[in-house]
Structures are given as C-alpha cells and as structure tokens.
2 protein chains.
Amino acid sequence: MSVFCALSNEQVEEIDNSKGCNFYNKGQVVFHEGNRTNGIYCINKGKVKLFQIGSEGKEQIIRFAKPGDVIGYRALLSEEPLSASASAIEDDTTICFIPRDQIFSMIAQNPNFNFKFLKMLSHELGEAAKIITDLAQKPVRERLAETLLILKDTFDMDEEKNIQVKLSREELANIVGTATESVIRLLSEFKKDKLIAVEGRNIKLLNIPGLTRVANVFE
Amino acid sequence: MSVFCALSNEQVEEIDNSKGCNFYNKGQVVFHEGNRTNGIYCINKGKVKLFQIGSEGKEQIIRFAKPGDVIGYRALLSEEPLSASASAIEDDTTICFIPRDQIFSMIAQNPNFNFKFLKMLSHELGEAAKIITDLAQKPVRERLAETLLILKDTFDMDEEKNIQVKLSREELANIVGTATESVIRLLSEFKKDKLIAVEGRNIKLLNIPGLTRVANVFE
DNA sequence: GATAAAACATGACATTAATCAGCTAATTTT
DNA sequence: AAAATTAGCTGATTAATGTCATGTTTTATC
C-alpha cells in the first residue's frame, strides 16, 4: 500500500512525466548519508537497504525498501541531511526520483496524500521505538530470531518457506547489532533445533511458532 | 519551537476553549501503551517520560517531553494503539489534551501546521535511527556518556552545570539499555575522572568535551 | 522520631558475546 | 584454469556486562 495510491490519475501522470528512473546493480549506492536530497526515491523493482555508518565504521542496517516503498522522504521533509545511506541489494534495482516541488505541491493539494505521509512517518516511528526496546533489552539470540521473522514479513516467503531476500551473514549481523561470527553460530543452532534450514544465503523458516518463541515476541 | 507556533491567534484560542488541562504528580500515568488515544497531549509545565515495557517487564525510556512538547501524536496520526506509556517525572506536571478533531481540522486548514507536523515526525525518525545505531554498536560506557549529553541538550544546565532533570539510576539504566549497577559503577568512574560531579540525583557536567570524547560522538 | 521501604553502592561471580586466529568453501578476477 | 579475494565456519580466549548477594544510605510512612 504505497503512498501513491492516494493520488489521482492525473497526478500519477504528472509524476510520470517529471520523474527520472535509474538502474542499480547489487551494491550500488542510491544516496549517501550526510548529503542533501532534493526529492524522494521510489523503488520500482528490486530491493534496497538503508544503513548508517557507526563511529567504528560499522554498518547498521536501519530498514529495507521494496517495490512501492519510498526512501529519502525523511530528509526531504525534515530539511535535514540524509540520516542514512541507501544501496541496492539486488541487481536490476529500478528507482525513480521525484523532485521536491512535485512532492510538496501534492502534499499541499491532496489531503489524502498528505495524511498518507503523516501515517507512514508515524507508523515508522512506532516501529523504530520497538526496535530500540529490543536492542536495549533482548539478547542476540532473540534478536536474530526476531530479525528473521521481520524479514519474512517484509519480503514474504515462497512456497517452500524461503525468505525472499538474500543477505550475507555480515548483513544479518548489521541488522541484529552483533558480530558476524555470532550470527553464523546462532544460525547453526537454529538449524540444529530444526527451526530453520540454511542453504547458502537461502533461509527457510521451518518452524515459525518456534522462532516466535525464541524471539520472545507476543503480539 | 513547538508545533503550535504555526497557528494563528484565532486557532490558538479555539484550542484553548476545547482543551482540558490536567495535573499530574511524579509517577502518575498520562497514558498507557496499547490503549487508543483520541487526541494529543501538550506539556504545559513539568516533565514527562515516554517508555515501553519490554518482554521481561523492564521499562525502556524512548524519549522525554518538556513544556511546549506534544506527546501521543504518533498513535493519533498512525491510527494505531499508543506505542508507549507516558508518566510525569516531576510534581505539578500540567498537561492539556487537544481532541482529535481539532488537530485534524487544523492540519487540513493550516499548511504551516501540517508541515510542522511532518517536520517533527521526520526529525524524530532521524533521532530514532541514531539511537538504533548507538544501541547496536556502542558499549555501555559510551552510551551513558552520550545519554548525559543528550539530557543536557534536552533539559539544559543551570549556571552550575547541573543537568536540569532528576532521574534515578534505574531510569538512567532504562535509557542506556543496561543494568542499574552498571550505571552506578560508570557514574563513579566518570566522577573519578572529573568528567562529572554527582550529588544524589544531581549530575553536574564538569567536562563536556571530555564526555563527548568518551561518548565517541563527532558532530 | 521510629520503622519500613526504596534507592544507592560495592564485591564476587557467571554469562554472554566479542575478538582473534586459522582454516575451508565459494566467488571473482586475471 | 589458476590465483586471488571474499564469505563462511569453528575453536580458543578475553573482555564486557549482567546477576546475585549484601550492606548502607536516603526517603517515605506511620
């Protein structure tokens, strides 16, 4: 349910005319933390990770974006520099750029679009608060289990329960906030406990209630 | 710079007429995580902490609010249950309630007010991302130093460099995401290193550049 | 003002998780 | 295809931090 579903057909056309689309291969940077942005980016195809670089130079993945999602709106609306970098995590990722004025004029003209933005931002803020509490209170094992479940919800599973996103062990560690070695060890544990199956970067969720129990999530 | 500075005099009056003010003593609950809200709360006097209860029943402080700040807007705008509880941390905290319809009609009518909200939400989101990276990557010592600096920025210092907020060791621990004992030990260390002076819940920042170095913040 | 309760403090100990080292497997480059 | 680089894996060790126990001080209550 993208923010753009609040637009009229004419407005969608207006955007289509002004926007510029770009292609990115895996690893290519969409934008850089600290820079200014003059519009927002809309993911058309592929997947993107948003991350900050911590004081020791380590990457912290803040969130992901998939087709229909927009990124860069936080910096645009707050008129601050970009708080995170974005890079493609799949080949052939296609991203459109919608310039600032377009966005601002549509927010001003279309109350629906405006409320969509308010809703999206405040929803994100709630998610961020949850993550903060988990990072502060849960041990690594629980956080990894929860991360797998969140990735499942974000990217879905195929018929064989494979999470539909491929991440390196290091990237998983950079979501969970732990060392790569810890992720490797815990994934083997989960595998031994028949909670998941692992084949390279493919992770199959064999026992979701079990994982939920490990993650200690009640909702 | 409160969101309300975007309002016209008539609009401020309109709010004044509809709003209800309440008094809270230290510890009294303003609203409860999980409940629905039908408006937003505006702090008039005093201080408030916003916190979530983690899976082990431990409190995680997400942020603070002081006079001029609003709370509860996240849940109102996202139309989700409140993601955090709020309680007064000072006696005689005075908080006004502004009903939902007021807020929504003002957002719709006053573009300035609307943009203030968008700006506030997106700014908060950036702050949350920073906190996530710190929690995931920085050791407790650095996080405590940073917390003291953030509290200073939020609540200011008096002429003698005392942070203008009184928190228990446990509450500090619930910001930093650590055990109370760790906070106690680290505060003594900071004291020994002449970075701070401590008298009960009064914390004096003697050496801010020093603390900044400990916190490992470059900005 | 005595008593109870809560907050603060400190030491000993256990546990978690990071770091380091070395090794293998898988990719990528030449 | 060989060489080089990167990713994944495992064990040993260390460092960081949480937990437990206990005592002291402060604050609240009767």
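- Nucleotide C:dA17 holds its P atom 13 Å from the NZ atom of A:Lys58, rounded to whole Å.
- The SG atoms of B:Cys96 and B:Cys21 lie less than 2.5 Å from each other.
- To the nearest angstrom, C1' of C:dA17 lies 13 Å from CG of A:Leu144.
- At a threshold of 4.0 Å, the pair A:Glu127-A:Lys130 counts as salt-bridged, since one of the basic side-chain nitrogens sits closer than that to a carboxylate oxygen.
- Here A:Glu80 pairs with A:Arg74 in a salt bridge; the nearest charged N to carboxylate O distance falls below 4.0 Å.
- The nearest whole Å value for the distance from the CD atom in B:Glu56 to the P atom in C:dT16 is 13 Å.
- Among all heavy-atom pairs drawn from A:Tyr24 and A:Ala88, the shortest one is CB-CB, 3.9 Å.
- With hydrogens and angles disregarded, no donor-acceptor distance shorter than 3.5 Å links the side chain of B:Arg63 to the backbone of B:Leu50.
- One can place CG of A:Leu167 at 15 Å from C1' of D:dG8, the figure rounded to the nearest angstrom.
- Look at CD on B:Glu171: it is 9 Å from P on C:dC8, rounded to the nearest Å.
- Between the C1' atom of D:dT17 and the CZ atom of B:Arg143 lies a distance of 10 Å, rounded to the nearest Å.
- Side-chain atoms of A:Glu146 do not come within 3.5 Å of backbone N or O of A:Asn216 as any donor-acceptor pair.
- Annotation: the terminal axes of the helix from C:dG1-D:dC30 to C:dT30-D:dA1 meet at 50°, where each axis is the rotation carrying the C1' atoms of four end pairs onto the next four (5 pairs per end, rounded to 10°).
- A heavy-atom distance below 4.0 Å to DNA chain D is reached by these residues of residues 177-191 of chain A, ordered by number: A:Glu181, A:Ile184, A:Arg185, A:Ser188.
- Residue A:Arg201 has no polar side-chain atom (N or O) positioned under 4.0 Å from OP1 or OP2 of C:dA26.
- For B:Glu79 and B:Arg100, the salt-bridge test passes: some basic side-chain N is under 4.0 Å from an acidic carboxylate O.
- Remark: P of C:dA7 and CG of B:Leu172 are 13 Å apart, rounded to the nearest angstrom.
- Of the residues in residues 132-141 of chain B, B:Pro139, B:Val140 come within less than 4.0 Å of DNA chain D through at least one heavy atom, sorted by number.
- Rounded to the nearest 0.5 Å, atoms CD (A:Glu199) and NZ (A:Lys191) are 8.5 Å apart.
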Test salt bridge (Lys or Arg N to Asp or Glu O under 4.0 Å) applied to A:Arg213 and A:Asp193, step by step: CA-CA 13 Å; A:Arg213 234 170 296 124; A:Asp193 298 344; over 6 Å; no

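- If you measure from atom CG of B:Asn174 to atom C1' of C:dA7, you get 14 Å, rounded to the nearest angstrom.
- Looking only at distances, no side-chain donor or acceptor of A:Asp91 sits under 3.5 Å from a matching main-chain atom of A:Asn25.
- Between A:Glu59 and A:Lys49 there is a salt bridge, since a side-chain N of the basic residue sits under 4.0 Å from a carboxylate O of the acidic one.
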